[in-house]
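Written out below as structure tokens is the structure these notes cover.
Every value quoted in this text rests on a predicted model; they were computed, and no experiment measured them. Quick note on labels: first sequence line is chain A, next is B, and so on, each numbered from 1. Values below: every heavy atom of this structure, side chains too, minus hydrogens, waters and symmetry copies.
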2 protein chains.
Amino acid sequence: MSLREKKKIETKNKIFEVSGRLFKEKGFENTTVDEITKEAGIAKGTFFNYFSTKEALLLYFGEKKEELVYDLIENETMKNIPTKEKIKNILICLADSCEKDKELTKLLILEHTKCMQHSCLGPDECKNSLYRLNKLVCASLEEGVGNKDVKSSIDVKMVADIITGIHLYSLIVWLKSDGEISFSNSISEKIDMLFEGIGK
Amino acid sequence: MSLREKKKIETKNKIFEVSGRLFKEKGFENTTVDEITKEAGIAKGTFFNYFSTKEALLLYFGEKKEELVYDLIENETMKNIPTKEKIKNILICLADSCEKDKELTKLLILEHTKCMQHSCLGPDECKNSLYRLNKLVCASLEEGVGNKDVKSSIDVKMVADIITGIHLYSLIVWLKSDGEISFSNSISEKIDMLFEGIGK
DNA sequence: GCCAAACTATGACTATAGTCATATTTGACC
DNA sequence: GGTCAAATATGACTATAGTCATAGTTTGGC
């Protein structure tokens, strides 16, 4: 690795480390880019060579966090268990990860909502958590249709959207709550309900 | 009405009217508060006497729009029709309203997501569209349980959350799309699916 | 080791949302 | 119609994200 590359990684890590500390201390909104750069010992302009906006730094935190979760989730998808359980497990993995850092989750869900809309990124570059979840659920459902675990009459894409929606809104409700409800429990019950149907 | 009150209403309307025009012309982001106040013939500080932030003005647009929709929706809830149809109709009313102004919907959904999280407002003051929808669906489901339209074993609150989630994510997907899909159609099919269940 | 080109850092500068002390207007009371 | 308190308007000012022309650094080829 060249000196240049080494320095680049070092600077990016320094920004990451310093901002992580400051965000924890005083929150994202109350931390200025000026503070981050001063603490990191770099000029303000340099910050924007690494992250195009302050929000981009937030998304980087999200990526780092999601790298870990999606490894776990990938594991779940490999298992040979009923489709319903598989989908539940995927959602529970995600929920657990969200529960580990409520503040970060709160900030990220906003950015992801923004990101989904602007459709600046195509399906594949988009690291968006919602999009990834949707694709994984879709794959599990397709498998489920093959296994006769799931009605063959369903539109897989549509059900994946329903499940992603359940995740998203449950997340929002949980974020709003003051910790008395468990995100992973609430989502698990909802999946049961979807599989059973609510009509008489 | 006193002169003071009259002037106040006039100024608020002037801001509303001018900003509406400017937002349509150049978009929300590209319109500055300075421009709005200059066009409206008021000082910058005055703007913030009427709307605490630029986003609050956006929410005001949302309120005005939602006043109309929720009148229609209120009507639907009165009708004596099967629960599934009633819920579909509610969602379709909302969807139609969203389809009328995609740009505004895009901006509002972000604000509503923000608003839901900060839980600054209690259930009743909160004009948030998602929250209102949730409550209406909840009421319809309760009625449905009474009518034996819906399984009595369900947790009404939970199903309302599922349906709100379906609305929210369908909205996001539709906002991202380039107009080829119909928001109201897509949501209608999803409700059928939820009533029937997807498990085998 | 020297040079030019490519890359990276810098910080003064710009743009814009939002604040706040002060000035102006209004309404009620005499 | 004069006077005072409350309500409202004002715009210079602040805070902060993000830009960009310039300066400095690294690299690979000679």
Side-chain angles (χ1 to χ4, degrees), chain A residues 1-23 25-62 104 107-108 110-111 114-115 118 120, chain B residues 1-23 25-62 104 107-108 110-111 114-115 118 120:
Chain A
M1 196 190 298
S2 70
L3 173 59
R4 204 168 256 174
E5 283 175 87
K6 251 184 280 177
K7 278 192 174 177
K8 223 172 146 178
I9 291 170
E10 222 172 85
T11 305
K12 189 160 187 173
N13 285 342
K14 187 79 190 174
I15 294 174
F16 185 63
E17 174 206 311
V18 165
S19 60
R21 185 161 42 75
L22 290 174
F23 291 165
E25 272 171 36
K26 11 189 325 187
F28 177 72
E29 303 286 349
N30 298 320
T31 305
T32 66
V33 175
D34 266 308
E35 284 177 292
I36 295 169
T37 54
K38 275 202 183 101
E39 289 254 341
I42 57 171
K44 191 170 184 183
T46 305
F47 177 93
F48 293 98
N49 289 338
Y50 289 87
F51 300 98
S52 61
T53 64
K54 196 182 159 192
E55 276 71 33
L57 173 56
L58 203 55
L59 288 172
Y60 185 68
F61 274 88
L104 180 57
L107 294 164
L108 281 173
L110 268 179
E111 291 311 311
K114 238 181 255 178
C115 182
H118 291 323
C120 37
Chain B
M1 194 189 299
S2 69
L3 174 58
R4 204 168 255 175
E5 284 176 84
K6 252 185 278 177
K7 277 194 174 179
K8 222 173 148 179
I9 292 170
E10 221 172 86
T11 306
K12 189 160 187 175
N13 284 343
K14 187 79 190 173
I15 294 173
F16 185 62
E17 174 206 310
V18 166
S19 60
R21 185 161 42 77
L22 290 175
F23 291 165
E25 271 171 36
K26 12 188 329 187
F28 178 73
E29 303 287 348
N30 298 319
T31 304
T32 67
V33 174
D34 266 307
E35 283 176 291
I36 294 169
T37 54
K38 275 201 184 103
E39 289 253 342
I42 57 172
K44 190 170 185 183
T46 306
F47 178 93
F48 292 99
N49 289 339
Y50 290 87
F51 300 98
S52 62
T53 64
K54 197 181 159 193
E55 277 70 33
L57 173 55
L58 204 54
L59 288 172
Y60 186 67
F61 274 89
L104 180 58
L107 294 165
L108 282 173
L110 269 179
E111 292 311 311
K114 237 180 256 177
C115 182
H118 291 320
C120 38

**Study point:** Contact pattern, 5' to 3', of nucleotides 10-16 of chain C - B, S or - by protein heavy atom under 4.0 Å
**Key:** BB----S

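- Distance Leu57(A) CG to dG18(D) P: 11 Å, rounded to the nearest Å.
- The residue Tyr50(B) sits close only to the backbone: its heavy atoms come under 4.0 Å of sugar-phosphate atoms, none of a base.
- Salt bridge Lys114(B)/Glu111(B): present, at least one basic N to carboxylate O contact under 4.0 Å.
- Contact check for Leu59(B) versus Glu55(B): no side-chain heavy atoms found under the 4.5 Å cut-off.
- Applying the salt bridge (Lys or Arg N to Asp or Glu O under 4.0 Å) criterion to Arg21(B), with sequence neighbours excluded, gives Glu25(B), Glu39(B).
- When all heavy atoms of Asp34(B) and Thr37(B) are compared, the closest pair comes out as O-OG1, 2.9 Å.
- Ring orientation note: the planes of Phe28(B) and Phe23(B) are nearly perpendicular, at an angle over 60° on the 30°/60° scale.
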Tabulate atom names and distances for all N/O pairs under 3.5 angstrom spanning the protein and nucleotides 1-5 of chain D.
none

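- Residues Ile36(B) and Leu57(B) meet the side-chain proximity criterion, which asks for heavy atoms closer than 4.5 Å.
- Checked against side-chain hydrogen bond (donor to acceptor under 3.5 Å, both in side chains), Lys26(A) has the following partners two or more places apart in sequence or in another chain: Glu35(A).
- Under the rule for a ring-ring contact (aromatic ring centres under 6.0 Å, His included), Phe48(A) has no partner lying at least two apart in sequence or in another chain.
- At least one side-chain heavy atom of Leu58(B) sits under 4.5 Å from a side-chain heavy atom of Leu104(B).
- Taking the nucleotide of DNA chain C with the nearest heavy atom to each of Glu55(B) and Ser2(B), the more 5' of the two is matched to Glu55(B).
- To the nearest 0.5 Å, atoms CG (Leu22(B)) and CD (Glu17(B)) are separated by 10.0 Å.
- Contacts between residues 5-20 of chain B and DNA chain C, counted as heavy-atom distances below 4.0 Å, involve Lys7(B).
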